[in-house]
Asker: 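If you scroll down you'll find the structure; I have some questions about it.
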Amino acid sequence: MDVSTILDPLNGPQREAVSCDKKSVLVLAGAGSGKTRVLVHRIAWLLLVKQVSPASIMAVTFTNKAAKEMRGRISELLQITPQGMWVGTFHGLAHRLLKSHWQDAGLTENFQILDSEDQLRMVKRLIKEHDLDESRFAPKSLQWYINGHKDEGRRAKHVDHHNDAYEKTMVQLYLAYEQACNRSGQVDFGELLLRAHELWLNKPAILNHYQQRFQHLLVDEFQDTNTIQYAWLRVLAGNNNNITVVGDDDQSIYGWRGAKIENIQQFSDDFAATEVIKLEQNYRSTGCILDAANSVIANNPARLGKNLWTDDEEGEPIALYAGFNEQDEARFVVERIEHHVSDDLLLSEQAILYRSNAQSRVLEEELIRSGIAYRIYGGQRFYDRLEIKNVVAYLRLAYGHDDDAAFERVINTPTRGIGNKTVETIRLRARTDNTSLWRACEALLAESGLTRRALTAVQGFMALIDDCDEACQRLSLEAAAEYVLEASDLLAFHGKESGEKGRARVENLQELLNATRQFEPDTDEPSPLRAFLDTAALDAGDQQADEYTDAVQLMTLHSAKGLEFPVVYLAGVEENLFPHKMSLEEPGRLEEERRLCYVGITRAMSRLYLSYAETRRWYGQESYNTVSRFVREIPAKCLKEVRINANISRPLSAKISHASDGHDTGLLLGQRVMHSVFGQGLVLNIEGQGSNARIQVNFDDEGSKWLVAAYANLEAV
DNA sequence: AAGGCAAATGTTTTT
DNA sequence: CATTTGCCTT
């Protein structure tokens, strides 16, 4: 294989980015401009042309999916899988590091990862233990508070409470949380990054070793890095290593969870003589779609400035549909999906995107009614399911008895007569002895600190865990999991849950056994069980089921980032919904919503539909929204309004059928009417009775409006 | 320990 | 509106 294979398929700027010899390179890659391709080809370039050892390369992504894709594409391009390269997520790499240097990082050897649910439980418990009012100190906000500070690299001792009583308590709780985590060998997601950073700072020898090793750092989705992630990278890169970051300031949509778009600017300041390369040629969308995206995003101030262009044709204009309510909107979308299917497009080539999950319901109902297969992205991850977490907790507790989060979860699951009272005694003992719950149990058993009944139950539980431990050491991972499932009685426990639920739970448990069977520990982790537990904590465990059935894709705009579809429906482009009402208060949030819109538009390859509802039932209330400001930012020449008259057939006939319920307005749905000011129009909707009735009319010239029957003086035409 | 009922509470999500 | 949560009862 020669150099041409690496460079030939690339355009000018891409080539420059791939072969650039500068020590620090910032690639500003617009949507659909071949960002991943540049990263993959640059790695190939380093290996083949620069003869760099794979072991000196570290590539960092945000999601496991992206890491997996990168590894796959590198192997595909090189026709071999390079050994010794570190490709992974920030959290995954930090975790790997901490496992190798657990002592230097001040951790226990078998430290476990605390997911956000476990974290919330722990935080709740702490609030209770401190006798604080949950309404004043909401567990969720304490969790948010802790994670926020960790993302900024601050421990409890660093937080300045300004002598404010409330803030003081929060810091106190943060401190208590840190202590509880340390006591039970638990590390939350933010802690992985924070500890890894502290490891660099506190152990120069270790840092030096890794700086010597990783002379080439590559970072994907750089605009999503938060403070601690960037700090970690910067220290690792030092003054001598090579670092390439790829990102798009216009696609920064995670500011609300700590991502710092400013890191892009900071990067150029921190690394001397950074080469900045812009990738602006888009290989995804039609001219029309790009024009729209460019115009919308141009309304954001303080951009680094990119303008996407394409060789592709103008394409169809973007269609905008004004539904009279969300059902009508859904009907429109489904009708268009059916239309495209009859045009030989697959369902899976079409995606419905929305701002918030609550919107999916109506769309789903309409898809079901029409018998169209669909798949919703997002939602609960496999390893987050209750039944899965239960089994994993048994395994965790078997592996490391001091794992308090696992202990809390399964001490009485399935129920074995250990009630709150007993658990409270155990917690108290653990706190006074400053030890784990398991050790507290041992102490209590030794000195009979429990009632006879509780004593037997706890003893039974501990024996069960020891059995599981023994099974884990003796058996294969799969056999051990099977043993745990039986011995703990979890299979039967979940199986007897009512109806559909129980069946689904058993199915998932079976799926977990599958996962253990297929599991291949790929790291240098000697214990397959530990490796599996790590995967369960850090990896979503993508369900691959139905991945191959043809189905319409439904997801939020956030989860659509990085994907592309021939046809995209962007539903609910209304003020208050998108941009979301909540985001209008804080400064800077509107800009982020606009970037989200930019992400949405640029997902579409050839066709883009925008739709909104003039009336929407939202949290049980009727709301009247106008079309989103973002739509008004799209140039008129790119936009074509779909008039209701054009697809009157299904939506209206459905409405007309129950219009005869008699609203006593003398008008019928679908009827043409005349208004003295607005001119002629079509009756879309009638609500209420007689003169109180409100009528929605889509005027030919003025668009649709709601009118009060008593004053409107509508005449049938 | 399970089931029933009222109250609260609703952007976006990965690790 | 619909789902989840906490609290209360048996």
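The basis for the numbers below is simple: all heavy atoms, side chains too, and nothing from hydrogens, waters or symmetry mates. Letters go in sequence order (proteins before strands), and every chain restarts at 1.
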Asker: Can you tell me, in whole Å, how much space there is between the C1' of B:dT14 and that of C:dT3?
Answerer: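 My reading of the C1' atoms in B:dT14 and C:dT3 gives 24 Å.
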
Asker: Residues in salt bridge (charged side-chain N to carboxylate O under 4.0 Å, His left out) with A:R427, at least two apart?
Answerer: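 Here the qualifying residues are A:E408, A:E424.
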
Asker: Base contacts versus sugar-phosphate-only contacts with protein, heavy atoms under 4.0 Å: please encode nucleotides 3-10 of chain C as B, S and - from 5' to 3'.
Answerer: S--S----

Asker: How would you summarise protein contacts on nucleotides 8-15 of chain B per nucleotide, using B for base, S for sugar-phosphate only and - for none, with heavy-atom distances below 4.0 Å?
Answerer: --BBBBBB

Asker: Enumerate the ring pair (Phe, Tyr, Trp, His ring centres under 6.0 Å) contacts for residues 109-135 of chain A, please, sequence neighbours excluded, ordered by first and then second residue.
Answerer: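 As it turns out, the ring pair (Phe, Tyr, Trp, His ring centres under 6.0 Å) pairs with a partner in residues 109-135 of chain A, which skip direct neighbours, are A:H95-A:F111.
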
Asker: Not counting sequence neighbours, which residues clear side-chain contact (heavy atoms from CB on, under 4.5 Å) with A:V245? List them please.
Answerer: A:L26, A:V219, A:F222, A:I243, A:F267

Asker: Where does the angle between the aromatic ring planes of A:Y210 and A:F214 fall among parallel (under 30°), tilted (30 to 60°) and perpendicular (over 60°)?
Answerer: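 The arrangement is parallel - the two ring planes meet at less than 30°.
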
Asker: Just jot down the salt bridge (charged side-chain N to carboxylate O under 4.0 Å, His left out) partners of A:E326, sequence neighbours excluded, or say none.
Answerer: none

Asker: Residues in side-chain contact (heavy atoms from CB on, under 4.5 Å) with A:A454, at least two apart?
Answerer: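 Per chain and number, A:A454 pairs via side-chain contact (heavy atoms from CB on, under 4.5 Å) with A:T422, A:L450, A:T451.
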
Asker: List for me each residue that meets side-chain contact (heavy atoms from CB on, under 4.5 Å) alongside A:A293, sequence neighbours excluded, and say none if there are none.
Answerer: A:Y598, A:I601, A:T602

Asker: Could you give the distance separating B:dT12 and C:dT5 at their P atoms, to the nearest angstrom?
Answerer: 15 Å

Asker: Can you list everything that forms a side-chain contact (heavy atoms from CB on, under 4.5 Å) with A:E134? Sequence neighbours excluded, please.
Answerer: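 A:E134 satisfies side-chain contact (heavy atoms from CB on, under 4.5 Å) with A:K124, A:I127, A:K128, A:P139 once adjacent residues are dropped.
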
